[in-house]
Structure formats: structure tokens, C-alpha cells
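Given the structure is predicted, the values throughout are model-derived calculations rather than measurements. Order of appearance sets the numbers: ligands from 1, and atoms from 1 within every ligand.
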Amino acid sequence: MPSTLDDFEVIETIGSGSYGTCKKIKRKRDGKFLVWKEMEYGTMTESEKQMLVSEVNLLRELKHQHIVRYYDRIIDRSNTTIYIIMEYCDGGDLAVLISKCRREGTYLDEDFVWKMLIQMTSALKECHRRKNGKAVLHRDLKPANIFLDSDNNVKLGDFGLARVLHHETSFAKTFVGTPYYMSPELVNNMSYNEKSDIWSMGCMLYEMCALHPPFTASNQVDLNKKICIGDYKRIPSRYSEDLNTIISKLLCVEVQKRPSIENILADPIVLRRNRKLDRVERRNSA
Ligand code: ATP
Ligand code: MG
Ligand code: MG
């Protein structure tokens, strides 16, 4: 049976973004905490409504341990608001961890950065996997949208703007995203594709090490220049050459040469790290 608004109790407002407000809710049936995102629906055009609903339907098909689960959507009786119901993540996010380090003058452990790399890659693999010729592009990858659970495992979330990409027809041209993480192809007004998500992941991993994005400038023009020539410094020397190598591969200015998810997973360095991580996890759970 489809759920209705009455099945939930609002606990508190978490925050608002440009497209709506997120609230922590409780499902009355079992007391489970969830989140819903309230978005204005009545003011959308018919085609926007259709697009949003089909986007949410696609997100609901993404069932993966490192992706925030999207459960349901409810449109209120007066057709003014849509409520998108999803998993609640209570472990904070990567942006919080990074700013904590900056404030306290500490760094994130290299093992933790590898764990994030591997779990984010596995989440993106699921998103980029074609379903009926469509891939889900995140489009807004940034530390604030990498949520963590209580065991510090990745939950990729806040797909708010992810657009469905029809591979056979066209590339989506809509520009979204944080300028610091914008890929060279987007700076050059080209289309967003899977490789742009890879670039953003490179920027996030870099920021987890350096505690600032790879490309910074006081104005957009200078920032764009740096991005397009790939002008950034090595991550701090406390991090290994292996990690530096992988991050530089993700930050490859040329789209064609930038690795895909499959390329990353097949990289000998990543395979080696993955095995090491498995051993650590097994030891911890023994
Ligand atoms: P914008 O989307 O405009 O860039 P935003 O991401 O801050 O901004 P929202 O997407 O509306 O705005 O999110 C509002 C708040 O809710 C943010 O603080 C976000 O971290 C939090 N949030 C979103 N999804 C979840 C979730 N599944 N669990 C816990 N908190 C969440
Ligand atoms: Mg967000
Ligand atoms: Mg958002």
C-alpha cells in the first residue's frame, strides 16, 4: 500500500537548500527515522513534474550499501508539495570532518582516505551502470553530499539535481555544481558525463588530504584557467605516492584519458589497497 503523509511524524527541520527543505521524520508503524525533502510541486510545469517523478523513480532503483536509499514520494492532496522520502544519515558528512581537521590542525588518516575512495567508487559504479540505457549522474559531488553512517561508511546522497542522461540521444547540458569542483569540460561549456563525476571525486579526495580544494582562486576567471591547465600542487607529503598517483589520474584534464569507474577498479594500486582494506576490516570484525 502506498504511504501517505499521515504515516509519518515530523521530528525536526534539518536544513534548506535551493530546491527545498529536508526534515527528519519518524515512521509511525515502526518508529524508524527517515528524511523527507519537501519541494514545491504546484508551481512546476507538467514536463518538470514528469522529469522529477521519473528521476525519483530512477533513484528508488538504486539499492546499494553506499548510496542513500530513496524509498518513496508523496504528493499532497492539493498538489502543491512533493515529499521525497529517503534514508536518514546520522553520522555527519565529509565536509564536517574536513573543517574539523582544518580547525584543529590535524589530518585525516591515509587509510580513511583509501576507504572513502573505494566506497565512493563502488557507489558511483552502481550509479553509472546503465539501466535501460540510462545512467544516474550525481552532478553535485562534494564533501557535504558524502554522508557517513555510525561506522564511518560512505552513504552517497543528496542527488537533488541529478538528471537522467539518455545515452542514445543527447547529453544533458544543464550546468550545476560547485565551481571549485567543476571539471575542465564543464568550464569549456561541454556536456556533463560520467567522467565529470570522476573529476569531482578526484577533487574531493584531494580536499580530504590537503584540506582545501585542488584549484582555488579569488575569481572565476583565474579558477577556470587553473582547472583547464590542471594547475595544482601535490597533496601533503605525509600521504603516499600511491595515493598521489591515483588522485592525479582522476584529475586528468583530458576527458578521454581520465579513468572510468572500471579503469579505477582495475588499477593495480587500487586493487592492492582494496585487499589491504579487506584484511583490516576482517581483523576489526574478528
Ligand atoms: P543545495 O542542495 O541547495 O546545494 P543543501 O544540500 O544544503 O543545498 P538540501 O539538499 O535541501 O540542501 O539539504 C538540506 C540539509 O539536509 C543539508 O544539511 C543536508 O546535509 C541534509 N540532508 C540531506 N539529505 C540527508 C539525509 N539523507 N540524511 C541526513 N541529512 C540530510
Ligand atoms: Mg547537500
Ligand atoms: Mg542538496
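- Residue-level proximity to ligand 1 for K142 is carried by the side chain, the only part with a heavy atom below 4.0 angstrom.
- Shown in contact with G20 at under 4.0 Å from a heavy atom are these atoms of ligand 1, numbered in order with element: 11 (O).
- Considering backbone and side-chain atoms together, G17 places an N or O closer than 3.5 Å to an N or O of ligand 1.
- Annotation: side chain of L62 is in contact with side chain of C127 (closest heavy-atom distance under 4.5 Å).
- For the residue pair E207 and Y181, a side-chain donor N or O sits within less than 3.5 Å of a side-chain acceptor on the partner.
- Geometrically, K226 does not engage Y232 in a cation-pi contact defined by less than 6.0 Å to the ring centre and at most 45° from the axis.
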Report the C-alpha separation of V187 and M182 in whole Å, then their side-chain angles, then the decisive distance to 0.1 Å, and conclude whether the side-chain contact (heavy atoms from CB on, under 4.5 Å) test is met.
CA-CA 7 Å; V187 170; M182 188 157 71; 3.6 Å; yes
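- Residues S218 and D222 have side chains that never bring a donor and an acceptor to within less than 3.5 angstrom of each other.
- In terms of N/O distances under 3.5 Å, ligand 1 is approached by D158.
- Listed by number with element, the atoms of ligand 1 under 4.0 angstrom from any heavy atom of K37 are 9 (P), 10 (O), 11 (O).
- In terms of polar-atom proximity, C89 is counted as a contact of ligand 1, with an N or O under 3.5 Å from an N or O of the ligand.
- The closest approach between any non-hydrogen atom of G157 and ligand 1 is not below 4.0 Å.
- For ligand 1, the polar-atom distance check finds no N/O of Y88 at less than 3.5 Å from any of the ligand's N/O atoms.
- To the nearest 0.5 Å, atoms CG (L265) and CG (L271) are separated by 8.0 Å.
- Between N193 atom CG and S260 atom OG the span is 11.0 Å, to the nearest 0.5 Å.
- Within D158, OD2 is the N, O or S atom that lies nearest to the Mg ion (ligand 2).
- Of the listed residues (A144, G15, S16), the one carrying the non-hydrogen atom nearest atom 7 (O) of ligand 1 is S16.
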